[in-house]
Amino acid sequence: MPAPETVLTVRNLTVRFARSKIHAVDGVSFDLGTERLGIVGESGSGKSTLGRAIMRLLPSAAKVEADQLDFDGAPLLTRSEREMRSLRGNRMSLIMQDPRYSLNPVLTVGKQVAEAALLHQKIGKKEAYAKAAEMLARVRISDVERVMELYPHQISGGMGQRVMIAMMLLAKPRLVVADEPTSALDVSVRGDVLELLDELVRENNSGLMLISHDIRMVAAFCQRILVMYKGRVVETLTRLEDAQHPYTRGLIAAMPDPRKPVRRLQVLDRPAIDALEPRP
Amino acid sequence: MIEVSNLSVSFGSGERRKQVVKGVSFQVAKGETLGIVGESGCGKSTVLRSLAGLDRHWEGEIRLNGQPVERVRSREHLTLAQMVFQDPYGSIHPRHRIERVLAEPARAMKTGEGWDRVAPALEQVGLPAAFAERFPHELSGGQRQRVAIARALMLEPEVLLLDEPTSALDVSVQAEVLNLLADLREERGLTYVLVSHDLAVIAHMCDRVLVMKDGLFVDELDKSDLARGETHHAYSKQLFEASYL
Amino acid sequence: MSLASTSPARGKSGLMLSRLRRSLGNALDKLSHEPVGMLGFLVLSLLVIVAIFAPLIAPYSPSTQNLEQALLPPSWAHWAGTDEFGRDILSRLIYGTRITIQTVLAVSLIVGPIGMLIGIVAGFAGGRTDAILMRFTDIVLSFPSLILALAFAAAIGAGLQTAIIAISLTGWPPIARLARAETLIVRNTDYVAAARLYGASPLRLLFLYIAPMCIPSVVVRLTLNMAGIILTAAALGFLGLGAQPPAPEWGAMISSGRRFMLDNWWVAVMPGIAILLTSLAFNLVGDTLRDILDPRHARS
Amino acid sequence: MKDFSLLDLGKRFGQLLVSLFLLLVVTFVIGRVLPTDPVGAIVGELADPATFAAMRARLGLDLPVYQQFFVYLSSLLQGDLGKAILTGNPVIEDLAAAFPATLELATLAIMLSTLIGVPLGMTAAFFRDSWFDQFARVISLVGHSIPVFWFGIFGLVVFYATLAWVGGPGRVDIYLEGLIEPRTGLLLVDSLLAGDYEVFWNAVSHIILPACILAYSAMAYITRMTRSFTLEQLNQDYVIAARAKGASNWRIVTGHLLPNIAVQLVTVLAISYGGLLEGAVVTEVVFSWPGIGQYMTNALLIGDMNAVVAGTLIIGLIFMMLNFFSDLAYLMLDPRTREVTA
Amino acid sequence: ATPNDQLVVGTSLAQVISLDPQQGSDAKTMEILANAYDRLIAFNPETSEIYGQLAESWDIDDTGITFHLRDAKFASGNPVTAADAAFSLVRLFKLNQSAAAGLKTFGFNGDNAESLIKAVDERTLRVDFAVPVIPEALLYRMSNGPGSVVDSVEVLKHVSNNDYGNEWLRTNTAGSGAFKVRRWSPNELVLLEATPNFWGEKPAMKRVLFRHVPESQAARLMLERGDIDIANALTAPDVRSFEGKEDFVIDKAKTGGFYALAMNAGREPLNNPEVRRIIAAYGIDYAGIAKTIVGPYGRARNVPAPQDWEGAIENPDWSFRPEEGKELLAKAGYPDGFSLTIKTIAQPPRVDIATAIQANLAELGIKVDVIQGSGAEIVAQHRARDFDLLMPQTSATEPTALGSLDNFTNNPDNSAAANNAGNFVWRSDWDISEMHALRVKATQELDASKRLPMVEQLQKDFIASSPAVFPMFERFEPLVLSARIHGYDAHPWGLTRLEAVTKTD
Ligand SMILES: Nc1ncnc2c1ncn2[C@@H]1O[C@H](COP(=O)(O)OP(=O)(O)OP(=O)(O)O)[C@@H](O)[C@H]1O
Ligand SMILES: Nc1ncnc2c1ncn2[C@@H]1O[C@H](COP(=O)(O)OP(=O)(O)OP(=O)(O)O)[C@@H](O)[C@H]1O
Ligand SMILES: [Mg+2]
Ligand SMILES: [Mg+2]
Ligand code: NI
């Protein structure tokens, strides 16, 4: 049975934190199919908040409102926490930035990956470990047996991120939100991890939201890019060259490019952008 | 300006002794900007810290401005090179006002009052003088990094050691800080050693780049190599490819 | 020049004062978002006011005995009843705030600086100095505190001063440990590294860089300790070694009042309530201060 | 983060011995320069000065302090803690009687306060700033803010005298006293070993009230620390990761948080336990509990320095051992402190 | 509730530090030992009549007393012999500790004891007088705890360093009483067990337990609940709470001792007799304190002989008159008053009395600081004459007016060099050579009709002499018994025998 093409529909999603007047996410709308969608924007522009809002993982202090927030054709916001739990890690997953902090430091890698299997599949411990081993092998970890016995601080960052991916993609989710999955990694392993992620997502026929502030990396990797500025989506691009919005253009220009050396980098003209993006 | 020969640094002792920097040598000419790239943990910061005088258990020889320096620096030698740290949030005392942050170098060195030089220093890095009264948490990351740079310049060193000065910052802010560094270099004829893992930043700023791996320099690239994306070592090739994807 | 804020006319001290006011206002502002902490703060303020104006507030003298009127239950004449000597309990409680505040402040003022000094020196110097200082701290810490207090009282005689010194004697090690732990973190920060680079002397580092970072958590800890101080003073009173009669020290009142608990509940219950409220207030304020001041416990 | 290897532990052990020695010196000196004179208590207040002097000489108290110290030290090295001046009993026997009483009480108290305090603290952290958080805070602080003797007498009146739910002061009903031969000195254990269930249940009914009261006063610290540890952990990304995996709150608490705070918690519990083992004099007095706190206080009041020095040494030793073991716990519970194998 | 064959006494055992009857003189210790040891003679608490315990009879002559012992056995099974009795008394003077003080005033000491106290045969003991004494007085003193007869065979087995078995007897008993100590855990309990070897009637109680219950309110609750049978360390309010309760009986042992006030006559301004007189006669609210604080623990009394005793004189009209006192002080040269300290053991009711005195004297313009301390501390300071005011308590050595004058009118040599630190008057640095001489004369006057006026005169002299150490309150030991207890006759000195005690449901 072919899955419906639209994985996620977001209309006018707004997130506000208690005691803060500003909306962290402000009227964001987009559709996600089985594609790779990049979300870029500077720090604090609401990227992570958007991702977590979709996962319903924001703290209770956050108020999430939306005209529509449908996952696989069914609304998300009205679901109970219990229903959400059965979705999370199963039908939708979140891959986080830094494996050093997002893996539990006192549990072995194997245990943490196996937990993902235990939580959503009615299987025993043994099978869960077998599943975990299988998945770890899929993310090209050699010597799986040994690695499963290790603690997070005993493996490298790149490996940690693979473990994270294995853990989150074990259940072949429909929707994968990757929140800066590579920004804590070395450039040299960054490519590998992205490639792996891409491969798995394709295979599962899932939709991927890749959150990053590295616009060039996102451009190279994703089919579509949402550019966020102060909680709003200011532009949707398929190619960097098409960028119209001054913020996007400024962002591109601010990145040093060794192939096009300049003496001085261009900086953002924030007042001009803010004038263009009036806040309600 | 800087001459380093056969510098090695080890941490720990006994069985756990680990050599982090394994006998490297390099020179930096006056006014030059040297970049050091390499993956995390390869020893970049350690080299820099030894140059600055923060790590005291190095072996080999370091000469600054032609004078050999000891492991425990004298005050005069300290003023030769100052350092700017990666994390603008952690490198400024959270409970000192900016004026104190900037006045401290002069006061600690006992070279005059220091307070009256705060305003010009702020101006120099493009911050309003009114910022003197603020606490660090009242500044943004980019502004803090400017303050850190201003502080490093208070003792008028000839060498600035920059340890990933922009990696904690947004690209847009990064551009501002890099521009500032470029301007200062021009105005004062400063010598920079810039450590980063971001090749784009390195390439933008540096005249010459050393590629480091496991405590050794494996490659040296000059400006034209960088522009052409030319490398002389498999590792630097890999690094480049990853950065330009 | 456009340096409006540093115009010499206002002068350094005026500036300092306005800054102080601002940061105090800030703290109060934050406190006002914490209803429970605010409550504690109000109780403590009330306590201070009562202590200052004790002679004006108290309806009777705290030490005048009237054996005819011993052990009267609370009434309009004696809101909190009278004790076994016929003294008005409310008046004694009111005067007792002075002793309590005095004890708490004195202990805090001794314990805070000593503990902090030892802690930051140990943490900063490291190596042998650290080992020696921390072993010394361990010894004091492992010394049964009440025993030390008793020994001390035996040596220099019972009394409030003794109690203060005795409590202080065993009170500083936790502070020292806290300050040391904090110092260990702070001394590895980049701002300390930077300060080393511009030649700051060890003393400068200790007092200008490290100490200010330890102060908030030390203050928090001290505030939380204050409740403990009141209770330790009470325990010393229980053993007859705290403030000497007729001083209306709450702990002494409660411990002599306990002899009447079954028949004349108010004699022990009234000071008990005073101690409970005060130490609760101190605890609440300390707890809240920790939430406000300690960045590691900052609200997300 | 602490970083220990076995070597470091060995070093710590050495330091422990040095600390103990210093503790001995300090206690001894304090004891001997104190003006309280044990001789008066022995010979009685009406005796002649000559009798005083004779007794003082017999006890070796007429020597200079340093000589007394060496005499003491040399017998200590032979495992002899001396005789209690007070009773003429070997101190070690007195302590062997008094310490188990305290141990029993303290152990039960720490168990109770852990069982209640830890879940309370974690729940409070989970529902931070909710009414439950405030409630937990006030409840635990009240325990920390009321003098124990006040609570003790109150508890006796309510639960013993009025409701008759628990036994009164003392370790067992008095007529059952002396029926069980002490083996471990822990009455609960001894009575079970002897198979005497009447004494056992009687002892349980006696220990429960003081244990609850001590537990309540210790609970505040445990609850608060648990709460702040938990809060710290709740801010960590791995908790969000666990939730993103679909783990329930219960699973997050038991499977993820608890192992993480266990390490810090062990230290807190060790400190609390140490404090309780020091002997809660006041509680012991109210509940006529023949524990080490009462023993030491009495010894001190009467100037029985042999007993005080020995008691302090034992308590110091326990404190330092607890410290030592909580360091060991770090090593065992936190994989980050173990040797890196990868 | 307690079983019918066990007696449980809730008390404070803090002061019990030695079980050697010839060592300590602590009342609690004696209370326990009274049932483990027999004395040659004892006296009836009600009538003060002397009767034989181990002695079946005795003959008094001009030079001494001959005791004829009954057939009895020690708990060890050894027979009780006159040699044991002689050994015990000699031992008392050889050890020469507090316990010996009472008999030492009659001229016995370590050097002459062996020649004065001798076993004539198996069953006959001869005690010769060292100085002329009233035989009755000697008998009373011998009936006290230190007169206990120890099992010399057992004790001699445990002698080390010439200590007369003291080290061993401190923790063991070797007596012929109805009970023997089976267990003594300091500050916990003393467990007595009936011995099969007792010479008298078999006691109804199989075991007697003295339980350390230091907290009076706890003891009170236990008594109410029936977990103890007798409570004898209750505070005044707790004793009062049992008044009028059917199931309980309040009893009072009139110890014949006093709560006293010692002033240091060697210090300014207390060396001024007028100042002392003003404090004693105008400065203290005896009646008020007796009513609200001392309560069942005593009654106001300033004459050093208990009110009820033969030969005791009326109380002087000392009372609290602050205005007059203040005036007199001004006349005496202290218009602005002065400052003093008052030292006391941290124990009710003494602390409370001190607090009340503090408030009283404040009204005369005398500022008093209360200093509490442990028993050891305060006694040491008292012995060292290191105090201004201090509150000792005394106990009687014989139930006669003359006997109780011992503590207040006896000071052979007041010089510092005499260092007679066991003596209360010496401790107050109060020189009373005339009164002392009169007292000695009285103690040697065998004719009761001549002695009585001397004793009365002595009391009058005492009151008139602005005493530096004087009684404030007669000291009672109140105790509360469950009504289940029968046959408990509280002995004034705590030497209550329990063999006749029975219990009903
Ligand atoms: N728990 C929270 N309480 C209050 N405000 C919050 C909270 N979390 C995030 N915010 C605010 O919401 C805004 C968006 O934050 P978010 O973390 O989504 O940004 P981001 O784009 O992911 O930034 P970065 O690139 O730094 O990760 C910020 O202004 C932030 O301060
Ligand atoms: N004080 C120290 N004690 C022990 N090991 C150290 C110490 N400081 C650094 N190291 C080790 O030295 C190695 C090099 O560290 P360094 O900080 O120089 O790396 P780097 O190249 O700057 O990495 P990054 O890009 O992450 O900053 C690392 O393996 C690190 O663990
Ligand atoms: Mg983010
Ligand atoms: Mg680095
Ligand atoms: Ni914390």
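All chains are named by letter (A, B, ...) in the order of the sequence lines, taking the proteins before the strands, and each is independently numbered beginning at 1.
Contacts of A/Met164 with chain D are made by side-chain atoms alone, with heavy-atom separations under 4.5 Å and no backbone atom involved. Both the backbone and the side chain of A/Leu57 come within contact range of chain D, with heavy atoms under 4.5 Å apart. For A/Arg82, no part sits under 4.5 Å from any heavy atom of chain D, backbone or side chain. Interface remark: A/Gln97 contributes no atoms to any contact with chain D (heavy atom separation under 4.5 Å).
Comment: A/Glu199 engages A/Arg140 in a salt bridge, judged by a side-chain N to carboxylate O separation of less than 4.0 angstrom. Salt bridge status for A/Asp179 with A/Lys47: absent, with no side-chain N to carboxylate O gap under 4.0 Å. Using a cut-off of 4.0 Å between Lys/Arg side-chain N and Asp/Glu carboxylate O, A/Lys172 and A/Glu203 are scored as not salt-bridged.
Aromatic pair D/Phe151/D/Tyr216: ring centres closer than 6.0 Å.
Heavy-atom pairs under 4.5 Å with chain D were tallied for A/Arg56, A/Glu81, A/Met84, A/Gln112; the largest tally goes to A/Gln112. Contact tally against chain D (heavy-atom pairs below 4.5 Å) for A/Ser102, A/Gly89, A/Pro152: the top residue is A/Ser102. No other option in D/Ser248, D/Gly255, D/Ala262 has as many heavy-atom pairs under 4.5 Å with chain A as D/Ser248. Interface summary for chain A: among D/Ala244, D/Ala241, D/Ala247, the most heavy-atom pairs under 4.5 angstrom belong to D/Ala244.
Environment of OH in A/Tyr101: sparse, with no more than 12 heavy atoms of neighbouring residues, nucleotides or ligands closer than 6.0 Å.
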Check: Going through the distances and angles, do D/His256 and D/Gln236 end up as a side-chain hydrogen bond (donor to acceptor under 3.5 Å, both in side chains)?
Finding: CA-CA 11 Å; D/His256 291 264; D/Gln236 303 282 317; over 6 Å; no
